[in-house]
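So the structure is just underneath, and the comments pick up after that.
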Amino acid sequence: MSQYSSKQSLELGIDTQCDLRSDTVTRPDAAMRAVMAEAEVGDDVYGEDPSIARLEATLAERLGKDAALFLPSGTQSNLIAMLAHCGRGEEVITGRDYHVYKYEAGGASVLGGCVLDPRRVEPDGGLCAADIAKAIKADDAHHPISRLLSLENTHNGMAVPLARCVEVVDVARAAGLSTHLDGARFFNATVALQCGEKALAAPFDTVSICLSKGLGAPVGSVLVGRSDLIGKGRRLRKILGGGMRQAGVLAAAGLYALEHNTARLADDHARAAELKAALATAGITDVRGDTNMLFLRVESDVQERLVASLTAAGVKINFGENEPLRLVLHKDVTDVGFAALLSAVRSF
Ligand SMILES: Cc1ncc(COP(=O)(O)O)c(C=O)c1O
């Protein structure tokens, strides 16, 4: 149990924050807000916002791609990618647990007439090359036209090794498919795999990056890739109502996050590893994740007790029935909050 309730801590000025529901809860800090306040802006729908242009150029350069497009969310970025790659009746092959299939409301089907073929996700978060070879349809009037392979890295806290991505991408390319990466947590993957950003992006025609998760910016995603696809994406963004005007204040936060908050993701990974070790000492060993997210599978009575004990220690968590318990480390978990978490787990 923490010594104080959250309300008492607040009154005493003790920062015990430990909100493990998601890394999307991170808030812009004072330094980020200062650069936002100073940002040069213009009308981005007219292509006149210098901060957005700088953000797009920075990410295109870092990932070794032609161009980039600033967007309001990761969902819109993935949707625009799928619609830029695929026409009506064309197919996206992806993982059945990947965000584009499970958590984006079927947008590519609803709005673009695309078909999604969700395939089994392997324990390391990647797809199986032989299974993808089977999923790619023959040129036959009965089938949708297989057009795009969409991968995810990191997936559920697992950094999928580059060689595993390349293996599957090679199968797709040999059959003439193009490739997209949902890299909502791309930098968690590069940091965990100690892999270059260009190298991890290289197998893909488009990569979607989120700035508003562990990087701590308040809003924004960027779709990076081949210039023809990004050009189509710009038109699609307008169609979807995602064109923003003086959004350079948001791009400035993104630039700040890219400069200051990518390397420090290693601290979140180290804390997750420490938490995993503490869970093991408490007898909880079915834990997946090698970056900033842990997924725990425990019996429902253990889950109930664990949730009660973490909640009593002031830790916020999301949990659902028949879903693994998800714990997400990020930059706004304070030292005091993390210590309270570890002590609650160790005494569990
Ligand atoms: C892997 C992955 N892709 C895409 C998204 C969508 O991002 P957004 O919430 O900005 O739409 C998320 C959101 O958590 C995600 O985890």
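In listed order, ligands and their atoms are each counted from 1. By convention here, the first residue in the shown sequence is residue 1.
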Where on Asn78 is there a heavy atom closer than 4.0 Å to ligand 1, on the side chain, on the backbone, on both, or on neither?
side chain
Given Thr206, which partner from the list His85, Lys65, Arg226 fulfils the side chain to side chain donor-acceptor pair (under 3.5 Å) test?
His85
Answer yes or no: is there an ion pair linking Lys102 with Glu152, defined by an N-O contact shorter than 4.0 Å?
no
Does Asp19 pair with Arg27 as a salt bridge, N-O distance under 4.0 Å?
no
Under a 4.0 Å N-O cut-off, is there an ion pair linking Arg164 with Glu167?
yes
Evaluate the side-chain proximity of Arg21 to Val328: yes if any heavy-atom separation is below 4.5 Å, no if none is.
no
Need the ligand 1 atom indices (1-based, order shown) with element for anything under 4.0 Å from a heavy-atom of Ser73.
10 (O), 11 (O)
For ligand 1, is any non-hydrogen atom under 4.0 Å from Glu104's backbone (N, CA, C, O), its side chain (CB onward), both, or neither?
side chain
Among non-hydrogen protein atoms, atom 9 (O) of ligand 1 lies closest to Lys213 NZ, 3.9 Å
Heavy-atom nearest neighbour in the protein, as seen from atom 11 (O) of ligand 1, with distance rounded to 0.1 Å
Thr75 OG1, 2.6 Å
Specify the protein heavy atom at minimum distance from atom 12 (C) of ligand 1: its residue, its atom name, and the distance to 0.1 Å.
His99 NE2, 3.2 Å
Arg185 versus ligand 1: do any nitrogen or oxygen atoms come within less than 3.5 Å of each other?
yes
Please check this pair: side chain of Thr26 against backbone of Lys213, looking for a donor-acceptor N/O pair closer than 3.5 Å.
yes
Could you check atom 3 (N) of ligand 1 against the protein and tell me its nearest heavy-atom contact, residue, atom and distance included?
Asp182 OD2, 2.7 Å
So, do Met32 and Pro218 sit near enough that their side-chain heavy atoms are less than 4.5 Å apart?
yes
Option nearest atom 10 (O) of ligand 1 (shortest heavy-atom distance, choices Ser208, Gly220, Gly74, Ser77):
Gly74
